[in-house]
Amino acid sequence: MAPHPVVQAVIDLSAGAVGGAACVLSGQPLDTAKVKMQTFPNLYRGFVHCISSTYKQVGLRGLYQGTTPALMANIAENSVLFMSYGFCQQVIRFTAGLHAEAVLSDVQKACAGSVASIFSSLVLCPTELVKCRLQAMYEMESSGKIAKSQNTVWSVVKSIMRNEGPQGFFQGLTTTIAREVPGYFCFFGAYELCRTTFADYLKCDKEDIGVAPIMFSGGFGGACLWLVVYPFDCVKSRIQVMSMTGKQAGFFTTFTTIARTEGVRALYSGLAPTMVRTFPANGALFLGYEASRKLMMSKFDS
């Protein structure tokens, strides 16, 4: 018997929070390299050079700058994402005339994930803004774009409130939504398709394919997401970091300016650490989500 919708929502929200925390803790240094390379594409030769330079300049803590807002961002995003994902699946069942416990196709689940990402973008944007600014703070100060850096979450938050007001936390929201909607269609679609393939090969249910297949499926989903939406993410990072210096142009202006003045290649700066990071980080995300959700569902059933 399916749990009450409110109970199911709490389970999905809690499992998403567990997955989001696992995702950050397994991939933060590579995410830091990604943001630095997106914002300053001509400063580093590659992601190994970026990581080693950051370590020499700031130490190990430099690679974990922004971990607190990253945890907040991922826990908030994935809590809302997976809760909305469950809700959107029910909406799809209703519109398709299916009963409440019907199994959806992989494409239907991909559509549910795509719509759910709109809701998660609203909580992701403010926390990711703070994270990106912290991660690129050293480069912004050393390049002379800002006079004095802020090294704590609270100092960045106060600076945004003082200089830009509450709306400043939503710099890059349009780009975030433009990234998330197609990205999460690919993310959930590839993840479910990969799980289906493993289940067919192993001749078992999708819920019982094991740890390694779940982690590989999550990594494959993450790789598909980033390959499709990476230029959008690059523009988002640029808007969120450069808006520290004053009013920053919107998505289309920033996109065309980067492509015209720095070349299309600049839109893919930082892709290497992102692709290296995606398998452990998104593998951990889905493993944390599926394992904790299964545990909570079993407690409810018993």
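The basis for the numbers below is simple: all heavy atoms, side chains too, and nothing from hydrogens, waters or symmetry mates.
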**Request:** Report, as yes or no, whether the 6.0 Å neighbourhood of atom CZ on Phe87 holds more than 12 heavy atoms from other residues, nucleotides or ligands.
**Result:** no
**Asked** Considering residues, nucleotides and ligands other than Phe255, do more than 12 of their heavy atoms fall under 6.0 Å from its CZ?
**Response** no
**Message:** Please enumerate all residues that pass salt bridge (Lys or Arg N to Asp or Glu O under 4.0 Å) together with Lys131, with sequence neighbours excluded.
**Reply:** Asp31
**Prompt:** What residues form a salt bridge (Lys or Arg N to Asp or Glu O under 4.0 Å) with Arg293, not counting sequence neighbours?
**Reply:** Asp12
Charged N to carboxylate O under 4.0 angstrom, [X] versus [Y]?
| X | Y | value |
| --- | --- | --- |
| Arg195 | Asp106 | no |
| Lys294 | Asp208 | yes |
| Glu128 | Arg179 | yes |
| Lys206 | Glu290 | no |

Aromatic rings [X] and [Y]: how do their planes relate, parallel, tilted or perpendicular, breaks at 30° and 60°?
| X | Y | answer |
| --- | --- | --- |
| Phe216 | Phe279 | tilted |
| Phe286 | Phe82 | perpendicular |
| Tyr44 | His49 | perpendicular |

Would a hydrophobic clustering, with Ile, Leu, Val, Met, Phe, Trp and Tyr connected at side-chain separations under 4.5 Å, put [X] with [Y]?
| X | Y | result |
| --- | --- | --- |
| Leu81 | Phe119 | no |
| Leu227 | Leu267 | yes |
| Phe169 | Trp154 | yes |

**Prompt:** So, for Cys88 and Val115, which heavy atoms are closest and what is the spacing to 0.1 Å?
**Reply:** SG-CG1, 3.9 Å
